[in-house]
J.: 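Below you'll find the structure I mean.
Please read all numbers here as calculations on a predicted model, not as lab measurements. Within every chain, numbering begins at 1; the chains are lettered A, B, ... in the order of the sequence lines, protein sequences first and strands thereafter.
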Amino acid sequence: MTAPSVDPEPPSDAPSHFIRDIIDEDLQQGTHDGRVVTRFPPEPNGYLHIGHAKSIVLNFGLAEDYAARGAETTCRLRFDDTNPAGESEEYARAIEEAVEWLGYTPDEVRHASDYFESFYDYAVTLVKKGLAYVDSQTEEEIRENRGTVTEPGIPSPYRDRSPAENLRLLERMKAGAFDEGAHVLRAKIDMASEHMIMRDPLLYRIRHATHYRRGDEWCIYPMYDFAHCLEDAIEDVTHSLCTLEFDNNRRIYDWILEHALPAEELPGRPHQYEFNRLNLTYTVLSKRKLLQLVEDATVDGWDDPRLFTLAGLRRRGVPPGAIRQFCRAVGVTRSPGRIQISRFEHAVRDFLNDKAPRVMAVLEPLRVVIENFEDATGLNAGEADWLEASYWPRDITGREGTRDVPFTEELFIERDDFREDPPEGFYRLAPGREVRLRHGYFLTCTGVEKDEAGNVTALRAEIDPDTRSGQAPDGRNPDGTIHWVSASESDPLEARLYDRLFTVEAPGDTDEDFRKHLNPDALVTREAARIEPSVARTLREEPQRPDQKEGSAMGRATRLGVQRFQFERTGYFWPDPEDHTPEAPVFNQIVPLRDSWAEDDSGLTAEELAARRREKERQRRRQRERATAGQRDPVEDFGPGQRKRFEHLRDERGLDRDDAAVLAERLPLADFFDAALDVHDAPQAVANWTINELLRELEDAAPAASLDALPFEAAAFGRLVKLADEGTVSSAAAQKVFSEMLAEGTPPEQIVEKRGLHRLEDTKALRDAARKVAEEHPEEAARYREGETKLLGFFMGQIMQATDGTADAQEARAALRDVLAE
RNA sequence: UGCUCCGUAGCUCAAUCGGCAGAGCACUGGUUUCUGGUACCAGGGGCUGAAGGUUCGAAUCCUUCCGGAGCAGCCA
C-alpha cells in the first residue's frame, strides 16, 4: 500500500516544530499509511485551563492542518476515566463544552472506561506470557522494596508465581473476592532498572468504588501506564502527544505495547511524543493550586475571571480565537519555560483590535459643566446635541458603522484625565488647557470646584462652537483627546477590572505558601462608571445565536459573546455573563489597552530589562567558575586495568591525557583502536577518528556489542584513517566514505574509486569551480568584495558541495580569494 | 546521588547535509493618527551554559564539567 500523497508544504500560519517534523517524516515513510490520528485525553476530574488549551489546539490543529494537506486525519476527545475517584459526568460535560467553545469538534468522543474489557484481556495476555504477576505485598512493602534512585529494588516474594496461579488470582481479583490493597497486578520487568518506572510497575489495583459510567461492574481498575498506551492502540492513534513529565513513562508505554500487542500490529503502533507544558508568569495553573484558591474562596469559583481556567477566561470575555492564536504563537518545544503574561495580553488585543467596535465609557467619572452650552450649540439647557461617532478608527479597514452620542450641558470625563497640577509630559486636561473631546468639540477648562477637603468635585469648562466636527477652522490641534459621556443621558455601569492574580512571576516555585503573593488589586470594581446609551441598545437588538446552549452559564455567555467592545482608551470589555442585566449593567474588562503613559505596564521596563541582563551575566560568570572548578581527573575513577591501559595509551602511544582517558574508559574501544593502529601507525590521527567519528555511532550502554555489530573490521577503519591522514582523500570526503562504510560495509578504497572521491588539488579545476560559485551567488560575492570577509566560509561551503567534499581546503581557499578579488 | 530531558537576545522560538546567528513579543526612538490604541519604520540588545577537542570551517560532531526540570503514588 502506498501512502496518499500529502502536500509537503504546511499552511503558512502553522508554525513548524519538532512534532510536525516527526509527522512529516512518518508521512513520507508511510509509517501509518498516510494517517494522522491524535487525541486530547483529559481525566474528567477537574476543569480545564489554558495549559489544556495548548494541548487541544496542538492535537486538533494538527488534524486540521494535515487534513488540509490531504492526509487522512482524526482527532478524538477521549476521557481518560480509569480511576473512579473524583471523576464525574459533570466534569466530563464541562470539558466537552470547553473543547467546543474553543472551536473544535471532535471526530468522536470516546471513553477509556468503555475499554475495560479489552484492558483485562491484554492483562491476561501478559500474565500468560509470564510478563505480569499478582503481587500480594502490602502497599508499604511494595514502596520499600522498590528501592531508591541509587539503590536497586528487591524482588517481591510473589514474583515467581506461575502463570496459572496468577491467572486464578487475577480472575478472583476481578470477581471481587479481595479487599482493596490485598493484591495488585504488576508487570514483570526489572526490579534493578535504573529507570524507576520499570521496577515492576503496577498494572491493576483493587477499588471497590462506583464508577460514574460503569457503576459497580468493575472492582479492579487499570493504572495510567497500563491503560493509556492501550487506549491509544485501540483507537489507532498514530501520534500520542503529552507533556514533558511523561518522558520517563515512555519506556513503559513502549514496553506494554510491544509485549501486549500482537506482532502484526506493532509496525503501525502509536508512539508517544512529549512537548513542553504551558506555564505563565504571575499565575498558577496546577489543578491542586487552582482547587485551593477556589476552596478557600480566594477567588469566586472556577469561572472567576482572575483565573486562567477556560471557564474563567470565557467569563472574562476572552474570545476562543484569541486563545487559539496565543497557543499557536507560544510554540511547541521540549524546553520547559514560562511565558510572560504580556504575551497573552498582546494576543488578546491583537485578536480584538479589528473586531470590537469602539464606544465610550467613563470608569471614574468627574463632572464637567459646559458653561457656554446654550450659546455654543443653540440648544436649551436640557437638550442634547447628538453627535455622529464612528464605531471604528480610520485604520480598521472593512468595518463601517456609526452611532449617535448625546452631548449635553453636563458631562463626565475620566477623573484621571484631569490634573490640577499637570506633571511633565501630561497632555490631557488641566486648568486653562484645551483638549479634544473624542468625536466632539474642543473643550477648555475654565474652573475647578472642590469640597472642604480640597478634592476636586467638578470642573467648569467652555467649548469652541466651531469645533463640533472635531476640527478647528484655524487648524489648531490639541495634544490630548479624551473620552466622555453625557451626565444625564448615559447609563450607570459597574466595571470590573482584572489584573494578574499574583505579585511574583512564579508564585508556585518557592517552598512558601504561594498565596502569600496574592495581588489584592487583581480585581478592582468601578461601581460608579457610566456608559454611552448606544451600548444598551446594541445589546438589546443583538439577535440570539442559534447554537447557544440554554440554561448553563456558558450558554448565556455565548449569547452575549458577539458583543465585545473597546471602551476607548481603557480596554476591551464585555457584559458579565452571570451578573449583567439590562437594568444594572456589569462589564468585565477582558484586557486593558496598552498604555505607554501609565507606569504600571504589564511588560518589562527598560531598567528591569537591564537588571535582568546583568543578572544573567553574573550567573554566567559564576557558572564558568563552577564549571572549571568541577573538572576533575577522569583517571581517579579508573580501576587498575583501565589505569594501566590509560598509562600505556598516554606514554607508549603518545596520546594526550583526555584522549587516552576516553579510550581507557571504554576498553573494547581501546582494543579496536589498537587493532586499527596495526594498519596505520599514527596514534593521534586514529584516536581522533575513533573518538570523534566512531564513538558517536556506538551505543553508550553497550560499546562492545555495537562494535561487534559494525559491518567492517578495525583494519578497514585503519585504512580509512590512512587515506585521510596521507591526503589521498580530503577529510570531508573521508567522512562521506565513513558513513557509507557504516551503511554498506564496503572497503574504503572501493568507495573512493566508485564515487571518485580522490582529493582534488588541481589549481585550475578549483579556480573554475570558484568562478562558477561566485557567478551563482553574485550578491554574496559583491558583499564579500565590500569587506564582508566572513562570507568566505559560505563560499567554501558551496565549493565543497560542488566538489562532493573532495576539494583540497587550502587550495580551494586560495582559489576563492583570487577569484573573488577579481 | 542513578536515570531521562533541556540550556541560542529579557521571553518564546528559528537557523536544510557542519558553511552569513535570525524572527515574533518585550524594550528605546521616530512617522502616521480625533484612542498616550492600532499600523509602519528604525535602533539597542548574543563569548549560542562553560572548558577542551575534531574540522579549512562548529549553535550543530566528540569528551568533560556547570546549571535547570522530571522520576522512588495502588494519581494522571
J.: Could you give all pairs that pass the salt bridge (Lys or Arg N to Asp or Glu O under 4.0 Å) test and reach residues 198-207 of chain A, with sequence neighbours left out?
T.: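 Counting only pairs at least two positions apart or across chains, the salt bridge (Lys or Arg N to Asp or Glu O under 4.0 Å) contacts touching residues 198-207 of chain A are A/Arg159-A/Asp200, A/Glu180-A/Arg207.
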J.: Can you tell me, in whole Å, how much space there is between the P of B/rU8 and that of B/rU48?
T.: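 Taking atom P in both B/rU8 and B/rU48, they lie 12 Å apart.
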J.: Have a look at A/Ile339 and say if it touches a base, only the backbone sugar-phosphate, or nothing, with a 4.0 Å heavy-atom cut-off.
T.: sugar-phosphate
J.: Does the B/rU55 base have a donor-acceptor partner in the side chain of A/Gln735 within less than 3.5 Å?
T.: no
J.: Rounded to the Å, how far apart are A/Leu437 CG and B/rC34 P?
T.: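 To the nearest whole Å, that distance equals 15 Å.
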J.: Contact class for A/Ser469 vs. all strands (heavy atom < 4.0 Å): base, sugar-phosphate, or nothing?
T.: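 Base contact.
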J.: Checking contacts here: which listed nucleotide (B/rU4, B/rG24, B/rC13) is nearest the side-chain heavy atoms of A/Asp247?
T.: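 Closest nucleotide to the A/Asp247 side chain: B/rU4.
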J.: Would you kindly give the CG-to-C1' distance between A/Asp21 and B/rA14, to the nearest whole Å?
T.: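 So the two atoms are 11 Å apart, to the nearest Å.
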J.: Taking N or O atoms only and anything under 3.5 Å, show me the protein contacts with nucleotides 39-41 of chain B, one pair per line.
T.:
none

J.: Which is true for A/Glu780 with a 4.0 Å heavy-atom rule: it touches a base, it touches only sugar-phosphate, or it touches nothing?
T.: base
J.: With heavy atoms under 4.0 Å as the rule, sort A/Arg334 into base, sugar-phosphate or nothing.
T.: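 Touches sugar-phosphate only.
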J.: Separation of A/Arg696 atom CZ from B/rG53 atom C1', in whole Å?
T.: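 For the pair A/Arg696 CZ and B/rG53 C1', the rounded distance is 13 Å.
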J.: Could you run down nucleotides 45-50 of chain B 5' to 3' and tag each one B, S or - for protein heavy-atom contact under 4.0 Å?
T.: S-S-BS
J.: Please give, in whole Å, the distance from B/rG37 C1' to A/Phe573 CZ?
T.: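 Value for this atom pair: 14 Å.
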J.: Mind checking if A/Tyr572 touches a base, just sugar-phosphate, or nothing, with heavy atoms under 4.0 Å?
T.: nothing
J.: Could you give the distance separating B/rG53 and B/rA9 at their C1' atoms, to the nearest angstrom?
T.: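 Those two atoms are separated by 28 Å.
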J.: B/rC34 C1' sits how many Å from A/Arg476 CZ, rounded?
T.: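 Answer to the nearest Å: 14 Å.
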J.: Determine the interatomic distance between P on B/rC74 and the same-named atom on B/rG67; round to the nearest Å.
T.: 31 Å
J.: Is it the case that the base of B/rU33 and the side chain of A/Arg394 share a donor-acceptor contact (distance under 3.5 Å, atom types as modelled)?
T.: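 No.
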J.: What nucleic acid atoms does A/Tyr427 come within less than 4.0 Å of, heavy atoms only: base, sugar-phosphate, or nothing?
T.: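 Here A/Tyr427 touches the bases of the nucleic acid.
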J.: Within the structure shown, what part of the strands sits under 4.0 Å from A/Gly425 by heavy-atom distance: base, sugar-phosphate, or nothing?
T.: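 Since a base atom lies under 4.0 Å of A/Gly425, the category is base.
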J.: Could you check whether any side-chain N or O of A/Thr243 sits under 3.5 Å from a backbone N or O of A/Glu245, counting only pairs where one atom can act as donor and the other as acceptor?
T.: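 Side chain of A/Thr243 to backbone of A/Glu245, a donor-acceptor pair under 3.5 Å: no, none is there.
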J.: I'd like to know if A/Arg476 pairs up with A/Asp464 as an ion pair, taking the criterion as any Lys NZ or Arg NE/NH1/NH2 lying under 4.0 Å from an Asp or Glu carboxylate oxygen.
T.: yes
J.: Nearest to the side chain of A/Arg612, heavy atoms from C-beta on, is which of B/rG10, B/rU4, B/rC20?
T.: B/rG10
J.: Checking A/Thr148 side chain against A/Glu151 main chain: does a donor-acceptor pair fall under 3.5 Å?
T.: yes
J.: Under the rule for salt bridge (charged side-chain N to carboxylate O under 4.0 Å, His left out), what residues qualify as partners of A/Glu139, not counting sequence neighbours?
T.: none
J.: Classify every nucleotide of nucleotides 70-76 of chain B by which part a protein heavy atom approaches to under 4.0 Å, writing B for the base, S for the sugar-phosphate alone and - for neither, in 5'-to-3' order.
T.: BSBSBSB
J.: Distance alone, cut at 3.5 Å: any donor-acceptor contact between the side chains of A/Ser156 and A/Gln137?
T.: yes
J.: Consider the side chain of A/Trp597, meaning its heavy atoms from C-beta on, and name the nucleotide among B/rG36, B/rC13, B/rC17 that approaches it most closely.
T.: B/rG36
J.: Sort by first number and list every stem of RNA chain B: at least 3 consecutive Watson-Crick or G-U wobble pairs, both distances under 3.5 Å.
T.: B:2-7 with B:66-71, B:10-13 with B:22-25, B:27-31 with B:39-43, B:49-53 with B:61-65
J.: Give A/Gln566 one of three labels, base, sugar-phosphate or nothing, depending on what nucleic acid heavy atoms sit under 4.0 Å from its own.
T.: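 The residue A/Gln566 makes base contact.
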J.: Starting at CG of A/Asn692 and ending at P of B/rC61, how long is that distance when rounded to a whole Å?
T.: 12 Å
J.: How should the glycosidic conformation of B/rC5 be described, syn or anti, under the criterion that syn lies within 90° of 0?
T.: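 B/rC5: anti glycosidic orientation.
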J.: Ignoring hydrogens and angles, answer whether the base of B/rG36 and the side-chain atoms of A/Arg428 contain a donor-acceptor pair closer than 3.5 Å.
T.: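 When only heavy-atom distances are counted, A/Arg428 does reach the base of B/rG36 through a donor-acceptor pair under 3.5 Å.
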J.: Which nucleotide in the list B/rG10, B/rG57, B/rC13 gets nearest to the side chain of A/Arg813?
T.: B/rG57
J.: Measure from CH2 on A/Trp392 to P on B/rU35 and round the result to the nearest Å.
T.: 16 Å
